[in-house]
Amino acid sequence: MMLKDQAALVTGAGAGIGQATARLLAENGAAVMVADWNEDAAKATAAAIVKAGGKAQPLKCDVSRPSEARHAADQTVRAFGRIDILINNAGITRDSSALKMTPEQWEQVLGVNLSGVFYCSQAAAAHMRERGYGRIVSASSVSAFGNFGQANYSATKAALVGLTRTLAIEWGRYGITVNAIAPGFIKTSMTDAIPQEQREAAARRIPMGRVGEPYDIARLYLFLAAPESSFITGALIVADGGQTLLH
Ligand code: NAI
């Protein structure tokens with residue numbers, strides 16, 4: 001049990017990659033606070049973990065609100081006595097070509113994907129510093145390198161790299177590592193919105209010959225969340241089946 005007696009806060013854990021990650025961390029011994037702004041989804045993930053013999057609690061939380069982010073970190077400590085791991089996984093898309101993008105589309109995506117990561121990280125690190133240990137991992141994306149129709153999303157995922165590196169510099173002295181991952185095309189509700197033929201075309205362009213599954217990414221989160229990855233910080237690790245090698 002890699003994470004025996006540890007406690008994790010996973011945001012956006014009601015679906016997709018976050019759900020797979022919450023389950024995998026729990027299978028590896030962590031107590032998991034399953035945070036999502038969709039309360040029913042959070043409850044379903046937490047119930048599935050408990051049914052499988054793990055430890056989890058659901059929490060309704062909108063990471064873009066500073067008070068709710070703070071509450072999520074505090075609640076993890078209240079429920080499980082500690083917070084060792086923060087997985088900043090919650091993210092949204094509001095796609096549009098740049099000339100047509102509304103201020104609402106721009107601000108919503110910045111609020112969740114960028115500000116949400118900062119608020120949750122700050123709230124969790126305040127507790128982690130006290131115990132001199134922490135693992136923070138955030139979801140960037142290969143869209144950080146640019147993607148048509150995603151000026152807002154791409155900007156946030158690129159900004160996370162600077163944020164991650166800066167937090168890694170500031171918080172290394174507290175025993176906290178801060179890393180980001182850049183998934184490629186992963187099959188979740190986020191990508192289910194893309195038409196079937198476009199998805200098949202995308203898969204053909206991936207050297208590994210397939211799109212990713214949520215567990216492909218959950219396993220990377222687990223690796224970076226484990227005590228053993230103590231010498232990796234400020235890194236961006238790409239997990240895209242080789243997709244970006246061909247760009
Ligand atoms: P998803 O849409 O399947 O699940 C995201 C979850 O986050 C949902 O349960 C949603 O309710 C929750 N959520 C959204 N906004 C929230 C907020 N403000 N507060 C709390 N919870 C919130 O998404 P998916 O595909 O699992 O993506 C997870 C992360 O991975 C996101 O950050 C996404 O940008 C990133 N990513 C996904 C890729 C993909 O191909 N699916 C590729 C690269 C990165």
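Just so you know, ligand 1 is whichever comes first in the structure, and atom 1 is the first atom listed for that ligand.
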Legend entry - Distance-only N or O hit between ligand 1 and V63, under 3.5 Å: yes
Inset, instruction - May I ask you to check if ligand 1 and V112 share an N or O to N or O distance below 3.5 Å? - result: no
Inset, instruction - Compute the shortest N/O to N/O distance between S141 and ligand 1 and return yes if it is under 3.5 Å, no if not. - result: no
Legend entry - Enumerated ligand 1 atoms positioned under 4.0 Å from heavy atoms of S140: 44 (C)
Legend entry - Heteroatom distance test (G18, ligand 1): nitrogen or oxygen, under 3.5 angstrom: no
Inset, instruction - Say whether A41 and ligand 1 are in contact under the criterion: heavy-atom distance to a ligand atom below 4.0 Å. - result: no
Legend entry - Short side-chain to backbone donor-acceptor contact, S229 and L224, under 3.5 Å: yes
Legend entry - Short side-chain to backbone donor-acceptor contact, S154 and S143, under 3.5 Å: yes
Inset, instruction - Determine yes or no for a side-chain-to-main-chain donor-acceptor pair under 3.5 angstrom, with Q75 supplying the side chain and L59 the backbone. - result: no
Legend entry - Test item: Q105 side-chain N/O and T102 main-chain N/O as donor-acceptor pair under 3.5 Å: yes
Legend entry - Residue-ligand contact G111/ligand 1, heavy atom below 4.0 Å: no
Legend entry - Among T164, N179, N113, N88, side chain to side chain donor-acceptor pair (under 3.5 Å) partner for S138: N88
Legend entry - Backbone or side-chain N or O of N38 under 3.5 Å from ligand 1 N or O: no
Legend entry - Min N/O separation T191 to ligand 1 under 3.5 Å: no
Legend entry - Any N or O of S64 closer than 3.5 Å to N or O of ligand 1: no
Legend entry - Per-atom contacts of ligand 1 with C61, taking only distances under 4.0 Å to non-hydrogen atoms: 19 (N), 20 (C)
Legend entry - Element-labelled atoms of ligand 1 that are located less than 4.0 Å from some non-hydrogen atom of G91: 14 (C), 31 (C), 32 (O)
Legend entry - Short N-O contact, R135 and D84, less than 4.0 angstrom: no
Inset, instruction - For ligand 1, find out whether one of its N or O atoms is nearer than 3.5 Å to an N or O atom of I186. - result: yes
Inset, instruction - List the atom of A13, the atom of V34, and the distance in Å for their closest heavy-atom pair. - result: CB-CG1, 3.6 Å
